[in-house]
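Here the structure comes first, spelled out in structure tokens, and everything after it is commentary.
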Amino acid sequence: MARKKIQFETIRLKVPVKPEDLVGLKIGTVVYLDGVIYTAREGVYKKLLENGHPLPEGLTDLSNANFHCSPAASINADGSYNVGGVTATASFRFSHWMADWFKLSNAKLILGKGGMPVQDYLDLFVPVGAIYLTTVGYGTGALLGRGIKSVRQVYWLEELGNAQAMWVFEVENFGPFLVESDLDGNSLFEQHGKLINANLDKLYEGLKAPALSRFGETDDRKDELI
Amino acid sequence: MIKQNQIEQAAYQIMAKAAIDIPEDYRRGIENMAKWEEGELSCFVLQTMMDNWDAASEDRRPMCADTGLPRFYVKIGNEAKLESGFVGLEAALRSATARATQDIPLRPNRVHPLWRTDHNNNIGINAPEIDWSFEPEADWIDITTVHKGGLFGTDYRMLFPGDGIDGIKRFFLDTLIAFGKRGLACQPAIVGVGLGGSKDTTMVLGKQAACLRVVGNRNPDPKVAELELELKKLGNSIGMGAMGFVGTSMVADCHIEVGFTHTGGMPMSVHTFCLSSRRATVRISARGKTEYRGDPQWFTPYMRRESIEWPEKKYSSKQSG
């Protein structure tokens, strides 16, 4: 039985986004982006937030979309860039930098893998009017690669390496992403996680526990490990 | 005589094939899962992934920008002759990795664990890993590359014989659920289970089971094969699908590899390959002819060391006589 292709509500957003663009945007909506986005992850956060290095001049006017990712890219002999694709990396690891990052960068879109804990949305995202967009399947590197029209600038490439440098991309029809958190801090992952958790006790019913337990940080399977 | 530059060229080609073209067996497995997936978001994810694989093949660009930790599995025929020996073979694989990283391009993922030094070529101290194996009465070499993400979805536990199948099922579920939330493990994927050996053997067997056996392949031991299917079904009954959304798509297939272990123990590992399961194999014949394929054919009877001596017939003839 061949399934029909599922169509979800889909919108395009122009980056930098304006505050009103995000109003009413529902979790689970499919999003494509046009404009300028930049990558920033632990290398950039450390450099700017811990070592106090300033943001590249003009970046905040150009873009307010921070993608947690690194590209599959190389530098040609003539100094131009060859970008194959981009794939997100898990965002929860960057949680402790986000409060300062929002202050410094004025970012309104955080793009990445797997979202962040709901408490982060409530404490950090909602107060500054930011939302989180997750990539789909986490491996749509080729589709996202198609949406990159050019490399506008790369910062700290020598110092941080390809994977950790800040890449500034011009993008068109760049996606798909799913709205994971909205302006109220609702989370798609949290909603689905709750539904799945309801089934877990039944799943383990009748399976006896191993003889040797493990020290651990949690023994509740309903917990998340992030 | 197999020449070093033939090995280098062939290894370069499989690096590109692995990065760009999803293996056929795996694609069919995911297509099949998408047909039955009733969770709408989970199904949307699978359909989008298939679009992504089409885009990768059409554009000749990597399907996933996370190169993972690109590595090699080499099987050398006992009669194969290498122009530059094993050291030359390894040099060819390192050179192919660096060239492919620049040309495809691949993300240079490999960094020093402490200083985070990146040579921008996926080469470094103890990297890329090469697993070596041999094959009796063959004069070819097989080289497989695997590009597997490595941050989530893998775990190890020492179980004991008394824990039985229940213990295996529980740890299997624990690993899938823990890393499946929010889809950190990039499921659905082929899940490999290592059982037995010493701790390092358990880890290696589970990893190879996930990465080097194709969807639909079964362990030759009928009871182990049955357990593979049981674990697959169990994983797909969690209620979780792609990206940790409500659904049923967790395990594209389950492969178990076993090794004789300590009489008191039953160590177990679980390895989740990627939703973009990237692998490609080439065979280089004694005359230097290259044949590319998707199935690594890694677990031969010799590989599993199913008898005391090799070839097996020597031992079995003594036994029957």
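Lettering follows sequence order; numbering is per chain, from 1. No hydrogens, no waters, no symmetry mates; every other heavy atom, side chains included, goes into these values.
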Donor-acceptor pair between A:Y38 and A:R152 side chains, under 3.5 angstrom: no
How about residues 59-69 of chain B versus chain A: which residues have heavy atoms under 4.5 Å apart? B:D59, B:R61, B:P62, B:M63, B:C64, B:A65, B:D66
Quick one: what part of A:K208 sits under 4.5 Å from any heavy atom of chain B, side chain, backbone, both or neither? both
With only heavy atoms counted, which part of A:L203 is less than 4.5 Å from chain B, the side chain, the backbone, both or neither? both
What residues, two or more places apart in sequence or in another chain, satisfy side chain to side chain contact (heavy atoms under 4.5 Å, CB included) together with A:A73? A:P71, A:V83, A:W167
Name the region of B:D51, side chain, backbone, both or neither, that has any atom closer than 4.5 Å to a heavy atom of chain A. both
Can you find a pair of side-chain heavy atoms, one from A:S187 and one from A:E180, that are under 4.5 Å apart? yes
Separation between CD1 of A:I11 and OH of A:Y32, rounded to the nearest 0.5 Å: 12.0 Å
If you tally heavy-atom pairs under 4.5 Å between each of A:G145, A:G206, A:A142 and chain B, the highest tally belongs to A:A142
Would you call A:L109 and A:L22 a side-chain contact if the rule is heavy atoms closer than 4.5 Å? yes
Which answer fits A:A211, side chain, backbone, both or neither, if we ask what part of it has an atom under 4.5 Å from a heavy atom of chain B? both
Side chain, backbone, both or neither: which part of A:T135 has a heavy atom under 4.5 Å from chain B? backbone
Under a 4.5 Å heavy-atom cut-off, does chain A meet the side chain of B:A56, its backbone, both or neither? both
Check each atom of A:N199 against the heavy atoms of chain B and say whether the ones under 4.5 Å are side chain, backbone, both or neither. side chain
Engaged part of A:L160 at the chain B interface, taking heavy atoms whose separation is under 4.5 Å: neither
Could you tell me which portion of B:L275 (side chain, backbone, both or neither) has an atom closer than 4.5 angstrom to a non-hydrogen atom of chain A? side chain
Decide ring-ring contact (aromatic ring centres under 6.0 Å, His included) for A:F174 and A:F169; before the verdict, give the C-alpha distance in whole Å, the side-chain angles of both, and the deciding distance to 0.1 Å. CA-CA 10 Å; A:F174 184 64; A:F169 295 124; 7.5 Å; no
With a 4.5 angstrom heavy-atom cut-off, could you sort out which part of B:R157 is near chain A: side chain, backbone, both or neither? both
In terms of heavy-atom pairs under 4.5 Å with chain B, which of A:Q164, A:M116, A:K202 leads? A:M116
Comparing B:M49, B:H119, B:K169 against chain A, the one with the most heavy-atom pairs below 4.5 Å turns out to be B:M49
Inter-chain contacts: residues 190-198 of chain A against chain B, heavy atoms under 4.5 Å: A:H192, A:L195, A:I196, A:N197
For A:Y138, is the NZ or CZ atom of A:K113 found under 6.0 angstrom from the centre of its six-membered ring and inside 45 degrees of the ring axis? yes
Could you have a look at A:G85, A:G161, A:G84, A:G43 and say which one has the most heavy-atom pairs with chain B under 4.5 angstrom? A:G84
Aromatic ring pairing A:F125/A:Y121, orientation class (parallel under 30°, perpendicular over 60°, tilted between): perpendicular
Ignoring hydrogens and angles, state whether a donor on the side chain of A:S91 or A:H68 is under 3.5 Å from an acceptor on the partner side chain. yes
Below 4.5 Å from any heavy atom of chain A, which atoms of B:L151 appear? Answer side chain, backbone, both or neither. side chain
How are the rings of A:W97 and A:Y45 set relative to one another: parallel (under 30°), tilted (30 to 60°) or perpendicular (over 60°)? tilted
A:F94 ring centre to A:R41 NZ or CZ under 6.0 Å, with the angle to the axis within 45°? no
Does A:E50, at its CD atom, have more than 12 non-hydrogen atoms belonging to other residues, nucleotides or ligands within less than 6.0 Å? yes
Of all of A:G114, A:P210, A:P176, which one pairs up most often with chain B through heavy atoms under 4.5 Å apart? A:P210
So what's closer than 4.5 Å to chain A heavy atoms on B:L159: side chain, backbone, both or neither? side chain
Would a 4.5 Å heavy-atom cut-off, applied to side chains only, mark B:C211 and B:R279 as touching? no
Checking heavy-atom separations under 4.5 Å from chain A, one finds in residues 174-186 of chain B B:D174, B:I177, B:A178, B:K181, B:R182, B:G183, B:L184, B:C186
Donor-acceptor under 3.5 Å (A:D182 side chain, A:G185 main chain): yes
Whether A:D34 side chain and A:N173 backbone form a donor-acceptor pair below 3.5 Å: yes
Main-chain N/O of B:F245 paired with B:S42 side-chain donor or acceptor, under 3.5 Å: no
Just so I understand: if I count every heavy-atom pair under 4.5 Å between each of A:L144, A:N82, A:L225 and chain B, which residue has the most? A:N82
Look at the rings of B:F44 and A:F8 and say which category their plane angle falls in: under 30° parallel, 30 to 60° tilted, over 60° perpendicular. perpendicular
Check: A:S150/A:E170 side-chain N/O donor and acceptor closer than 3.5 Å: no
Proximal component of B:F160, with respect to chain A [non-hydrogen, under 4.5 Å]: side chain
